[in-house]
Amino acid sequence: MRGKFMPTAVMLLLAWNSNCFAVNTGHSAISSESGYDVKTVLPLPSVTVRSELTQQLMEIAMTGIHPVFADTWLQLSNEPELAQDPETYYRIYSLLQQFRREWHALDWDSRERFHLKSFNPSTSATGRHAYDELLQRTDPDSAINKLRPQTENYLTNRRVLLSLLSESRKAPWPALPALKVRPGDSHDALPVIRNILLRSGDLQANTLTPQQMQLTTYDVQTVQAVEHFQQRHGLDADGVIGRRTLNWLRLPPQVRAVILARSILRSDLPQNMSSRRYVLVNIPEFRLRVLDKKQEIFSSRVIVGQIKRQTPILSSEISSIVVNPAWHVPASILQKDLVPKLAKDKHFLDKGQFELVDSQGITVDPAAMVWDGTEENFPYQLRQKPGDHNALGRYKFYLPNNDAIYLHSTSSPGYFKRDLRALSSGCVRVEEADDFARLLLKDSKWNINKLDQMLKEDTTKWLSMTDPVPVYTVYWRSWVDKQGQLQFRDDIYQFEDDARMANTAVINSLVGHS
């Protein structure tokens with residue numbers, strides 16, 4: 001660790017976990033309930049059990065979810081003798097077991113925002129006895145492994161997490177000045193950029209000679225590596241090194257490891273979800289997926305809410321599909337967006353095929369409109385007629401929630417080509433809405449063949465779902481894709497502070513910084 005003394009506990013953990021392990025900030029470790037059976041002597045678990053428990057502790061401590069994890073990790077690091085104390089692993093096991101139970105019981109918004117306020121772990125005589133029995137089994141590892149997130153790609157994420165921490169220990173991450181470089185340009189920072197791309201895996205080793213690595217011209221091979229880097233970060237892969245690409249190039253692997261660790265934790269969902277079909281909208285990725293028993297059966301690009309009108313974190317279900325919906329303009333959009341346009345353009349209603357509706361729900365002839373022209377005194381509601389011009393497009397996927405949020409198609413498909421798609425007023429626009437609707441209606445009471453005829457008309461049809469499909473919006477910024485590529489996405493709603501969200505002492509213990 002670059003000349004720093006490494007505690008015995010950390011060296012043991014590194015040996016067990018392929019390159020990885022924990023000060024106390026004043027928060028107590030696991031407390032003991034009355035009746036704690038201190039007379040029972042616990043055995044020292046096997047190396048594999050110790051390895052698994054400490055690995056899981058490390059992953060959660062990295063996220064900054066609760067101080068007790070950082071304190072437990074750092075105590076183990078600072079007191080080497082604890083690595084050989086059976087009580088250490090019982091306390092870690094109790095901590096993990098109680099945490100997973102409480103984590104899965106959190107409401108959807110609290111889990112995505114990392115709001116774990118009332119966690120107060122403790123040990124008990126009953127729990128101690130159960131742990132002792134667990135260790136006596138012929139295969140205690142399987143029980144310990146059940147404390148992991150039970151996601152399909154968890155072990156892959158774990159390996160990548162460890163590799164990021166390993167990379168962070170090799171050398172300080174290079175600094176980059178403010179710049180903008182286009183293909184064919186020259187810049188003194190290009191040798192540093194190639195070094196970063198090489199360490200990130202986007203520029204393959206031996207692609208360039210040592211002499212070529214030092215060139216200040218933006219050559220084809222480096223452009224291709226930057227484009228690959230941009231694809232992995234959800235950016236427009238144009239090879240131009242601008243502000244967003246530069247920000248990601250500057251981000252060191254230990255911070256990336258924290259982002260990944262937080263995404264691993266966020267994706268640890270209640271297990272009853274995997275038993276049925278559901279819709280998952282990952283907001284920072286701008287993508288919707290349909291999963292059936294953990295298998296992805298549909299995917300589509302989406303547009304989510306802009307920063308000032310964010311798509312909320314929610315758990316709901318699609319209870320109806322509306323074909324040829326009318327758009328009843330929400331009051332916030334009416335006042336902020338449409339009334340100013342109406343004040344400037346007297347033909348605005350005709351162009352957008354809007355109807356005026358009074359407070360009694362009665363349609364009003366625009367010629368009979370009574371309005372003083374001020375935005376704050378507009379006395380009507382607006383309803384946009386169904387059709388291809390309609391802002392909702394041809395489909396609205398209705399889901400009950402307190403934010404009046406729903407999924408829908410759109411009359412402006414060109415926006416799906418953008419890499420940054422936080423553009424809506426909160427609702428989620430689905431690019432492949434027709435295929436999405438047909439998938440949801442498959443095996444339902446509705447005859448899908450009649451959809452084509454409905455779409456030729458402008459009559460609104462409500463198709464209720466006999467078996468409503470759950471919908472979850474999530475905020476996952478990192479994952480390993482099907483091709484084994486590590487993906488990252490911008491923190492579009494500023495949920496996190498990449499530089500400060502984790503416990504600094506924990507990260508320093510892992511990368512060897514003082």
Looking just at side-chain N and O atoms, do S509 and W73 make a donor-acceptor pair shorter than 3.5 Å? yes

So do the side chains of E52 and V49 get within less than 4.5 Å of each other, counting heavy atoms only? no

Taking the side chain as every heavy atom from C-beta outward, state whether V304 and Y493 have any pair of such atoms under 4.5 Å apart. yes

Please check this pair: side chain of Q494 against backbone of D491, looking for a donor-acceptor N/O pair closer than 3.5 Å. no

Between N153 and T156 (side chain of the first, backbone of the second, donor and acceptor by atom type, cut-off under 3.5 Å), is there such a pair? no

Pairwise salt bridge (Lys or Arg N to Asp or Glu O under 4.0 Å) hits with a residue in residues 187-198, at least two apart: R194-D219

Suppose we screen for salt bridge (Lys or Arg N to Asp or Glu O under 4.0 Å). Which residues come up paired with D435, at least two apart in sequence or across chains? none

Enclosure of H129 NE2 (heavy-atom neighbours >12, cutoff 6.0 Å): no

Can you find a side-chain donor-acceptor pair between Q98 and E102 that sits under 3.5 Å? no

Heavy-atom side-chain contact between F436 and V290 under 4.5 Å: yes

Can you give me the closest heavy-atom contact between A433 and F397, atom names plus distance? O-CZ, 3.6 Å

T123 versus Y90: any side-chain heavy-atom pair under 4.5 Å? yes

Is there a side-chain contact between I193 and L197 (heavy atoms, below 4.5 Å)? yes

Under the ring-ring contact (aromatic ring centres under 6.0 Å, His included) test, which residues partner Y406, sequence neighbours left out? H408

Under a 4.0 Å threshold between the charged nitrogen and the carboxylate oxygen, would R128 count as salt-bridged to E87? yes

Any salt bridge linking D268 with R111? Criterion: basic side-chain nitrogen under 4.0 Å from a carboxylate oxygen. no

Under the ring-ring contact (aromatic ring centres under 6.0 Å, His included) test, residues paired with Y475 that sit two or more places apart: F495

Evaluate whether atom CD of Q136 has more than 12 neighbouring non-hydrogen atoms of other residues, nucleotides or ligands under 6.0 angstrom away. yes

Heavy-atom side-chain contact between T88 and L53 under 4.5 Å: no

State, yes or no, whether a side-chain contact exists between L423 and R418 at a heavy-atom distance under 4.5 Å. yes

Between F286 and F416, ring centroids under 6.0 Å: no

Taking atom CZ of F488 and atom OG of S478, what is their separation to the nearest 0.5 Å? 3.5 Å

Should the heavy atoms of other residues, nucleotides or ligands under 6.0 Å from CG of N206 be counted, would the total exceed 12? no

Quick one: do E496 and R477 make a salt bridge, cutoff under 4.0 Å? yes

Using side chain to side chain donor-acceptor pair (under 3.5 Å) as the criterion, list what pairs up with S110, not counting sequence neighbours. D107

Does a side chain donor of either Q230 or T245 reach within less than 3.5 Å of an acceptor in the other side chain? yes

Output for pair (L96 CG, I60 CD1), nearest 0.5 Å, gives 5.0 Å

Any chance the side chains of D71 and Q75 put a donor and an acceptor closer than 3.5 Å? no

So, are E59 and R148 salt-bridged, with charged N and O less than 4.0 Å apart? no

Begin with the C-alpha distance, continue with both residues' side-chain angles, and end with the deciding distance and a verdict on side chain to side chain donor-acceptor pair (under 3.5 Å) for R489 and Q487. CA-CA 7 Å; R489 293 297 184 270; Q487 299 282 334; 3.0 Å; yes

Flag yes if more than 12 heavy atoms outside Q212 fall under 6.0 Å of its CD atom; otherwise flag no. yes

Residues that F114 engages under ring-ring contact (aromatic ring centres under 6.0 Å, His included), provided they are two or more places apart: W103

Looking only at the side chains, is there a donor atom on one of S299 and R287 sitting less than 3.5 Å from an acceptor on the other? yes

How would you list, by chain and number, every residue that makes a side chain to side chain donor-acceptor pair (under 3.5 Å) with Q97, sequence neighbours excluded? Y93

For the residue pair I303 and S424, what are the closest heavy atoms and their distance? CG2-N, 3.9 Å

Mind running side chain to side chain donor-acceptor pair (under 3.5 Å) on T48 and D141 for me, showing each step along the way? CA-CA 7 Å; T48 55; D141 301 69; 2.5 Å; yes

The salt bridge (Lys or Arg N to Asp or Glu O under 4.0 Å) partners of E296 (sequence neighbours excluded) come to R289, K482

Do you know the tightest heavy-atom contact between V192 and A175? CG1-O, 3.8 Å

Once ring pair (Phe, Tyr, Trp, His ring centres under 6.0 Å) is applied, what residue pairs with a partner in residues 173-229 remain, sequence neighbours excluded? F229-H233

Salt bridge (Lys or Arg N to Asp or Glu O under 4.0 Å) filter on R309, not counting sequence neighbours, yields D337

What closest approach, in Å, do T63 and R262 show between heavy atoms, and which atom pair accounts for it? O-NH1, 2.6 Å

Taking only residues at least two apart or on different chains, which pairs with a member in residues 224-250 satisfy salt bridge (Lys or Arg N to Asp or Glu O under 4.0 Å)? D202-R232, R244-D419, R244-D490

Is S315 reaching over with its side chain to a backbone N or O of Y472, donor-acceptor style, under 3.5 angstrom? no

Please check: side-chain N/O of S94 versus main-chain N/O of R91, any donor-acceptor pairing under 3.5 Å? no

With sequence neighbours excluded, what pairs up with R421 under the salt bridge (Lys or Arg N to Asp or Glu O under 4.0 Å) test? none

What I'd like to find out is whether the side chain of E112 reaches to under 4.5 Å of the side chain of L314, using heavy atoms alone. no

Positive for side chain to side chain contact (heavy atoms under 4.5 Å, CB included) with R199, one of L203, I196, N195: N195

T126 and S124: side-chain donor and acceptor closer than 3.5 Å? no

Flag the pair F69 / F99 as yes when their ring centroid distance falls below 6.0 Å, and as no otherwise. yes

Ignoring hydrogens and angles, tell me if any N or O in the side chain of W476 forms a donor-acceptor pair with the backbone of I264 under 3.5 Å. no

